[in-house]
Amino acid sequence: MPGAIVRENPARLGEIVGRVPVAGAAEVDRAVREAEAEQRAWRERPAAERADVLREAADAVDAMPGTAVLLARESGKPLADCAGELRFAAAYLRWVAERAPAALADRETDDAAGRLLLRHRPYGVVAAVTPWNAPVILALLKVGPALAAGNAVVVKPSPLAPLAVTRVLAAFPPGLVQVVHGGAATGRALVGHSRVHRVAFTGGAEAGRAIGAAAAEAITPVLLELGGNDPVVLLDDADLTDEAMDRLVMASFATAGQVCMAAKRLYAPRSRLPEIRDAYLAAAERVLVLGDPLDEGTTVGPVISADAAERVRGLVAGSVARGGSVVELGAVRADMGRGHFVRPALVMDVADDAPIVAAEQFGPVVPLLAYDGEDEVLARANAGDLGLGASVWSADEDRAFAFARRFDAGFTFVNTHNRTGMAARAPFGGVKRSGHGREYGVEGLLEYAQVCAIHAPAAFRAGGAGMGAGAYPG
């Protein structure tokens, strides 16, 4: 055996949460081939029967005691956040089960032009490489649609949160859904396997490039959901109610800011900057509690690793060195020396070229920036290579939608941001270097099926007049 991954609690260093075996190339090959064997029968089952299996898996996820606690201990996310992730994951499976049969049904046309049948063919074995920050839902966003379309799936979870997702994936038919653990070598063996015909990845740009390169060797299509540096634009008529500001603060600091579509850059009109700053600071005092993920009332836990903590602290120190000002946020109930805790902070008085603005922070720190006009702030918000999410805040929804159309973003929230703005019906994914392909929505279902056509042109049907050799249809 190549070894084992030992997962430590990031809130209680030295506490071992669990271990999983590392899969070498031979174990990966075995998992792929077993999944392929199961997929042959699975693809022949009616879509309605496949949907019923997803519903059974959702019921099993709902009935798994202790899984939220396990997820909190391995990931550092607050317990309420983990319980919410599991509930949403089960609800998403039911959403897929309800809609997939119709979305994937054959479509046939028989008219004066001839007869055309469009059918949805599964790829076969799908490789799903998933991250640690929302390991259950980000795995099921791939497993659910892939199974519904008739595929089998081999999942490689992140070594930083492998335990809860492995437990959840046991709710699916054995063999049809396989799990392999490991780091980059395991990922390369899986993604580059000759019997894998579709790859789905969520994670950072560096890993995304490696995934894309490995898949390219086998000419395997890849769905990539990469990072974002999401701008938030508060227009000059934005409502600053307590409820709205609480929602805005948590949009940046949920999961300690370690979310691809977190609110990462805040732009406020200069005329309202002091008012917005004060409302934001008041909201942070209401909703941010840094503490152990298992403690009641904790809303922000540790970051995932010592490296992550060092990187975020470096962003704050670099901002101060550039003349920026930092305000620490919320209450602290954590034993700061016991885990990878970083105090949430708001950074002001920095320029757009500061690393904390120009790059994705992926941690509990966010800059607040002033702007003078809508065209100016749009140009600043759209700067850079990333284009995952964005949000606009206005009391006038029509004005907000008109502004939102001008963002370079795959998903734009209106008067909210991050998880509070997600919906199973709304396709999610990035533009520019934030990836390609979509999850959620019917579009996310169709990522796991190939449209194949069967066509009988009218000219060549019985009794047809035909076309001359080399002719093109009119």
Is it true that, when you exclude R399 itself, more than 12 heavy atoms of the residues, nucleotides or ligands shown sit nearer than 6.0 Å to its CZ?
yes
Taking every heavy atom of T412 against every heavy atom of A409, the minimum-distance pair comes out as OG1-CB, 4.0 Å
N-O pairing of E243 and R247 below 4.0 Å:
yes
Would you find a donor on one side and an acceptor on the other, under 3.5 Å apart, between the side chain of D242 and the backbone of A283?
no
So does V289 get a backbone contact from the side chain of T299, meaning a donor-acceptor N/O pair under 3.5 Å?
yes
What distance do L169 atom CG and R167 atom CZ have between them, rounded to the nearest 0.5 Å?
12.5 Å
Exam field: side chain S319 to backbone G324, donor-acceptor pair closer than 3.5 Å
no
One pair to check against side chain to side chain contact (heavy atoms under 4.5 Å, CB included): D62 and R94. What are the steps and the verdict?
CA-CA 12 Å; D62 278 338; R94 295 186 180 102; 2.6 Å; yes
Using every non-hydrogen atom in the two residues, find where A268 and L368 come nearest and quote the distance to one decimal.
CB-CD1, 4.2 Å
Any chance CZ of R286 has more than 12 other-residue heavy atoms, nucleotides or ligands included, within less than 6.0 Å?
yes
Result of checking I304, L160, T202 against P131 for side-chain contact (heavy atoms from CB on, under 4.5 Å)
T202
L290 and M336, any side-chain heavy atoms less than 4.5 Å apart
yes
Would you call the rings of W132 and F362 parallel, tilted or perpendicular, taking 30° and 60° as the class edges?
perpendicular
Looking at A23 and T186, what are the two nearest heavy atoms and their distance?
O-OG1, 2.8 Å
Please determine if E74 and R7 form a salt bridge, counting it only when a charged side-chain N lies under 4.0 Å from a carboxylate O.
no
Value for CZ (R419) from CG (D81), rounded to nearest 0.5 Å, stands at 4.0 Å
Can you measure from CG (L176) to CZ (R50) and round to the nearest 0.5 angstrom?
10.0 Å
Could you tell me whether a side-chain N or O of H340 sits under 3.5 Å from a main-chain N or O of N9, the two making a donor and an acceptor?
no
Hey, are S271 and D236 close enough side-chain-wise for a donor-acceptor pair under 3.5 Å?
no
With a 4.0 Å cut-off on N to O distance, would you call R55 and E98 a salt bridge?
yes
Where do W393 and I276 land on the side chain to side chain contact (heavy atoms under 4.5 Å, CB included) test, with the steps shown first?
CA-CA 12 Å; W393 301 62; I276 289 170; over 6 Å; no
Count the heavy atoms of every other residue, nucleotide or ligand shown that sit under 6.0 Å from CD of E310, and state whether that count exceeds 12.
no
Using the rule given for side chain to side chain contact (heavy atoms under 4.5 Å, CB included), can you reason through V327 versus Y280, listing the C-alpha separation, both sets of side-chain angles and the distance that settles it, and then say yes or no?
CA-CA 11 Å; V327 180; Y280 192 90; over 6 Å; no
Side chain Q361, main chain V312, donor-acceptor under 3.5 Å
no
Heavy-atom closest pair (K77 atom, T255 atom, distance to 0.1 Å) is CD-CG2, 3.3 Å
So CG of L281 and CE of M245: to nearest 0.5 Å the spacing works out to 8.5 Å
Would you say R433 has more than 12 foreign heavy atoms packed within less than 6.0 Å of its CZ?
no
Test side chain to side chain contact (heavy atoms under 4.5 Å, CB included) on F201 and L226 and set out the steps.
CA-CA 8 Å; F201 171 75; L226 304 177; 3.7 Å; yes
State whether the side chain of R313 and the backbone N or O of V342 hold a donor-acceptor pair below 3.5 Å, judged by distance alone.
no
Without swapping roles, check the side chain of E8 against the backbone of L13 for a donor-acceptor pair under 3.5 Å.
no
Output yes when R406 and D375 qualify as a salt bridge under the 4.0 Å nitrogen-oxygen rule, no when they do not.
yes
Decide yes or no for L445 and P145: does some side-chain heavy atom of the first lie under 4.5 Å from some side-chain heavy atom of the second?
yes
Using atom types as modelled and distance alone, determine if a side-chain donor or acceptor of R338 lies under 3.5 Å from a backbone N or O of D292.
no
Do the non-hydrogen side-chain atoms of D353 and R322 ever get within less than 4.5 Å of each other?
yes
Parallel, tilted or perpendicular: which describes the rings of F411 and F413, with under 30° parallel and over 60° perpendicular?
tilted
Hey, is K432 close enough to D385 for a salt bridge, meaning N to O under 4.0 Å?
no
Find the distance between CE (M422) and OG1 (T420) and round it off to the nearest 0.5 Å.
10.0 Å
Closer than 3.5 angstrom, by distance alone: can the side chain of N229 be matched with the main-chain N or O of L386 as a donor-acceptor pair?
no
Mind checking the CG-CG spacing from D239 to D396? Nearest 0.5 Å is all I need.
10.5 Å
For a quick test of reading the model, state the closest non-hydrogen atom pair linking D230 to A262 and the distance between them.
CB-O, 3.2 Å
Kindly say whether L329 contributes a backbone atom to a donor-acceptor pair with the side chain of R343 at under 3.5 angstrom?
yes
Minimal non-hydrogen separation, K142 against A128, with atom names:
CD-CB, 3.8 Å
Do Y371 and Y267 have ring centroids that are under 6.0 Å from one another?
no
Given I137, L138, L140, the one that forms side-chain contact (heavy atoms from CB on, under 4.5 Å) with E85
I137
Could you label the plane-to-plane angle of the Y440 and F428 rings as parallel, tilted or perpendicular, counting under 30° as parallel and over 60° as perpendicular?
perpendicular
